[in-house]
Amino acid sequence: MTRQEKFERHKKIRELLHKHGKEILSSRSFILSHGFIQHGDMSVYEHSINVADRALRINRFLHVKCKERELVRGALLHDYFLYDWHKDGKDKGNVHPKLHGFFHPGTALKNASRDFVLTPREKDIIKKHMWPLTIVPPLCREAWVVTLADKYCSTMETLGLHKAKIKVKYIDIPEQD
Ligand SMILES: [Fe+2]
Ligand SMILES: [Fe+2]
């Protein structure tokens with residue numbers, strides 16, 4: 001693949017991310033997740049965008065035929081738990097600090113359902129993305145793709161192979177109501 005083709009592919013993915021993720025990307029709570037570290041030096045905000053980006057690539061280039069809007073929205077919200085999971089902060093939402101891996105999909109789903117109108121597919125993505133920890137497997141292909149994209153991104157971030165590089169591009173904090 002030439003550099004130009006790579007550039008075009010990257011541009012297309014970013015356009016899809018903006019088109020389908022607009023509502024979430026511009027919401028105050030999502031933007032504030034930039035303040036919570038996920039893995040390494042990567043914030044939850046950057047990690048979620050990376051996962052949505054990777055999920056789109058897997059879908060497009062492996063021809064999985066996912067519904068892209070739901071894929072992007074579910075991926076962006078999969079870790080919408082809105083607390084620092086490294087700190088024991090029961091008052092701040094980290095109710096099970098030692099069991100974050102098991103409990104955060106439920107918290108993310110609760111928060112996302114409160115802030116956005118979700119489809120059943122988007123809910124399944126958020127609820128099942130930690131499979132096999134969730135025991136019940138994903139029910140739709142979109143949830144399988146996000147589960148895979150999340151594991152890939154988490155591994156790369158933990159190993160330091162994905163560096164935080166999304167700067168303030170998406171950050172335009174709306175006024176609080
Ligand atoms: Fe997660
Ligand atoms: Fe994640």
Side-chain angles (χ1 to χ4, degrees), residues 13-14 16-17 20-21 24-25 27 29-59 64 66 68-90 92-116 118-166 170:
I13 293 291
R14 287 285 143 165
L16 286 167
L17 201 54
H20 299 307
I24 297 162
L25 290 166
S27 76
S29 296
F30 184 77
I31 293 166
L32 291 180
S33 70
H34 209 22
F36 304 126
I37 289 296
Q38 178 69 325
H39 311 107
D41 61 347
M42 191 77 66
S43 69
V44 175
Y45 170 91
E46 290 166 306
H47 165 75
S48 305
I49 293 175
N50 281 343
V51 171
D53 182 295
R54 183 58 51 184
L56 276 171
R57 288 171 199 268
I58 293 172
N59 179 49
V64 189
C66 289
E68 288 187 326
R69 182 176 165 80
E70 288 165 299
L71 185 70
V72 168
R73 287 170 56 87
L76 287 175
L77 294 171
H78 81 281
D79 278 336
Y80 194 67
F81 44 82
L82 306 174
Y83 58 74
D84 185 344
W85 67 271
H86 301 86
K87 291 181 188 158
D88 180 351
K90 290 190 174 72
K92 294 189 177 66
N94 195 4
V95 215
H96 303 283
K98 301 245 168 8
L99 297 169
H100 168 76
F102 289 93
F103 286 97
H104 78 272
T107 308
L109 180 60
K110 199 173 104 200
N111 293 340
S113 306
R114 178 196 63 207
D115 295 349
F116 304 96
L118 304 177
T119 67
R121 267 196 193 89
E122 290 162 0
K123 289 182 184 171
D124 197 52
I125 292 172
I126 300 168
K127 206 157 76 183
K128 309 284 178 56
H129 79 271
M130 288 301 286
W131 187 85
L133 287 188
T134 55
I135 301 171
V136 182
L139 293 175
C140 59
R141 62 184 75 196
E142 289 78 6
W144 280 110
V145 168
V146 172
T147 299
L148 182 63
D150 183 44
K151 284 172 180 44
Y152 172 82
C153 291
S154 301
T155 307
M156 298 298 273
E157 290 161 16
T158 306
L159 295 177
L161 299 172
H162 269 182
K163 295 282 179 203
K165 59 183 177 191
I166 300 166
Y170 297 94

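Since we're looking at a predicted model, the values are computed, not measured. Counting convention: from 1, in listed order, for ligands and their atoms alike.
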Looking at Asp79, which of its N, O or S atoms is the nearest one to the Fe ion (ligand 1)?
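In Asp79, the heteroatom (N, O or S) nearest the Fe ion (ligand 1) is OD1.
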
Rounded at 0.5 Å granularity, tell me how far CG in Leu16 sits from CG in Leu56.
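Nearest 0.5 Å value for the CG-CG distance: 5.5 Å.
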
Which atom, counting only N, O or S, brings His47 closest to the Fe ion (ligand 2)?
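This turns out to be NE2.
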
Proximal heteroatom of Asp150 relative to the Fe ion (ligand 2) (N/O/S):
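Checking each N, O and S atom of Asp150, the shortest distance to the Fe ion (ligand 2) belongs to OD1.
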
Taking both backbone and side-chain atoms into account, decide whether His78 has an N/O/S atom under 2.8 Å from the Fe ion (ligand 1).
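Of the N, O and S atoms in His78, none lies under 2.8 Å from the Fe ion (ligand 1), which means no.
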
Using 30° and 60° as the class limits, which term best fits the ring planes of Tyr45 and His34: parallel, tilted or perpendicular?
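Rings of Tyr45 and His34: tilted, 30 to 60°.
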
Parallel, tilted or perpendicular for His104 and His100, by the 30°/60° rule?
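Plane angle under 30°, so parallel.
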
Output yes if His129 passes the N/O/S-under-2.8 Å test against the Fe ion (ligand 2); output no otherwise.
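So His129 does not bind the Fe ion (ligand 2) by this criterion.
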
Quickly, which of Thr134, Thr147, Asp79 forms a side-chain hydrogen bond (donor to acceptor under 3.5 Å, both in side chains) with His129? Name it, please.
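Among Thr134, Thr147, Asp79, the one that satisfies the side-chain hydrogen bond (donor to acceptor under 3.5 Å, both in side chains) with His129 is Asp79.
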
Can you tell whether the side chains of Arg54 and Asp150 come within less than 4.0 Å, N to carboxylate O?
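No salt bridge links Arg54 with Asp150.
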
